[in-house]
Amino acid sequence: MDTLSPDERVAAVVALKTLPAAKSRLSSLPAPLRERLARCMAIDTLAALAPAVDRVVVVSDQLDLPAALLRRGQQISVVAEPPAPADADLPALHGGSLNRALAHADDLLRADGIQAVLACVGDLPALRTTSVGQVIAASRGRPRSFLPDHDGHGSTMLVARGVPLDPRYGKEMLSGEAVGSAIRHQRSGALPLDLGELPDARWDVDTLADLRIAHRLGVGPATGSLLDPETASPGRYLVVEVLARDESGMTVLAERVTARVGWQAYDGDPALRVPGRRLHAARVADALRCWA
């Protein structure tokens, strides 16, 4: 049994792919919009995690991620992915790179005195901080436990106390069948958490159908900024050119007409919002959202 006190230090860790590799099952979207959506879902996931734990660490080689988090006031550590060993399993089948990243962060956190580590996937745009707290509370008394995803095959969270995290995300071939991380975590000794539906914490997004359901649950503001409020469809991607700027926003050329974009609708390095610069944009319900 776990003997840690209720005031234990708890940290969350999230591993994020580089943006070109993120959310490949959303390949029907233009690449810049797919990448932006992946980033926004991660930001909303992290925003829900942070108030529930003492520390959040992201493992990622997304070079602009630290600055993007700081712009949103998120005090989150970002560390580089560890190098893969020469004999590493194929990541596409075994989730090898994801598991190495999570285990690496687990080692760093435990060396820093963290008693409990919660690994979380980065595509839970409807996640609520209260649900994270429920997962942490339910996991007390168990060395390792996990929360199955909405279809029961995968896992959205894995919690370890006093033992290595030992993540088993991804699929593995067993008796000729590919099995998901729920079975893999259970076979490794982790216990499933029975918290009822808890849909916000279990609804990871891989497809547009998943995204529509997450939208009904209530996505965070970053993800919501890219979705039509009525249909939950991602906005229409386009490229705009900055024509002028002032204290409140910028004027851009979009599809041969000018449009006004307030600074609250732009996300990116402030140094890039200058006349002549071309920016990515999504038209969402007749409004433009721009990013660098």
Side-chain angles (χ1 to χ4, degrees), residues 11-27 34-35 37-46 48-49 53 56-63 65 69 76-110 117-125 127 132 135 144-160 163-174 178-190 192 201-207 210:
V13 57
V14 176
L16 299 175
K17 297 178 181 179
T18 57
L19 288 177
K23 291 296 147 199
S24 59
R25 292 176 65 183
L26 296 175
S27 59
R34 171 181 54 79
E35 294 174 13
L37 186 57
R39 166 65 61 82
C40 287
M41 290 194 292
I43 285 173
D44 286 331
T45 302
L46 294 169
L49 285 170
V53 297
V56 179
V57 172
V58 176
V59 185
S60 180
D61 286 341
Q62 295 182 23
L63 298 180
L65 183 59
L69 294 172
I76 292 173
S77 302
V78 181
V79 299
E81 290 188 31
D87 59 349
D89 290 336
L90 292 175
L93 181 62
H94 296 82
S97 60
L98 170 63
N99 292 324
R100 284 192 299 273
L102 294 173
H104 175 62
D106 181 56
D107 290 342
L108 295 176
L109 288 166
R110 293 190 184 283
V117 176
L118 179 152
C120 182
V121 297
D123 55 357
L124 296 172
L127 183 63
V132 181
V135 170
R144 289 173 68 244
S145 54
F146 70 95
L147 184 69
D149 68 6
H150 61 274
D151 65 13
H153 299 303
S155 312
T156 60
M157 299 186 196
L158 172 69
V159 188
V163 297
L165 187 64
D166 189 17
R168 304 292 181 96
Y169 285 97
K171 293 182 178 180
E172 183 178 18
M173 296 301 298
L174 292 176
V179 299
S181 62
I183 290 178
R184 297 186 70 196
H185 282 137
Q186 196 159 9
R187 287 171 62 95
S188 72
R202 299 182 61 192
W203 206 274
D204 50 336
V205 172
D206 288 317
T207 67
D210 292 337

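Sequential numbering from 1 along the given sequence is applied to the chain's residues.
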Could you check whether any side-chain heavy atom of Val117 comes within less than 4.5 Å of a side-chain heavy atom of Val13, counting everything from C-beta outward? yes
Between the CZ atom in Arg110 and the CG atom in Leu165, the distance rounded to the nearest 0.5 Å is 7.0 Å
What's the spacing between Ser188 OG and Leu158 CG if we round to 0.5 Å? 7.5 Å
Ala182 and Gly152: which non-hydrogen atoms are nearest, and at how many Å? CB-O, 3.3 Å
I'd like to check the side chain to side chain contact (heavy atoms under 4.5 Å, CB included) partners of Gln62; sequence neighbours left out, ordered by chain and number. Leu16, Leu19, Arg39, Ser60, Asp64, Leu65
Tell me whether Arg168 contacts the main-chain N or O of Asn99 through its side chain, where contact means a donor paired with an acceptor under 3.5 Å. no
Phe146 and Gln186: which non-hydrogen atoms are nearest, and at how many Å? CE2-N, 3.9 Å
All side chain to side chain contact (heavy atoms under 4.5 Å, CB included) counterparts of Pro83, not counting sequence neighbours: none
The criterion is ring-ring contact (aromatic ring centres under 6.0 Å, His included); which residues satisfy it with His150, sequence neighbours excluded? Trp203
Could you give the distance from CG (Asp166) to CZ (Arg184), rounded to the nearest 0.5 Å? 9.5 Å
To the nearest 0.5 Å, what is the distance between CE (Met157) and OG (Ser145)? 11.0 Å
Side chain to side chain contact (heavy atoms under 4.5 Å, CB included) partners for Ala11, two or more places apart: Arg55, Leu109, Ile114
Sequence neighbours excluded, which residues qualify as salt bridge (Lys or Arg N to Asp or Glu O under 4.0 Å) partners of Lys23? Asp123, Asp206
Quick one: side chain to side chain contact (heavy atoms under 4.5 Å, CB included) partners of Ala12, sequence neighbours excluded? Leu49, Val53, Val56, Leu118
d(Leu147 CG, Ser155 OG) to nearest 0.5 Å is 8.0 Å
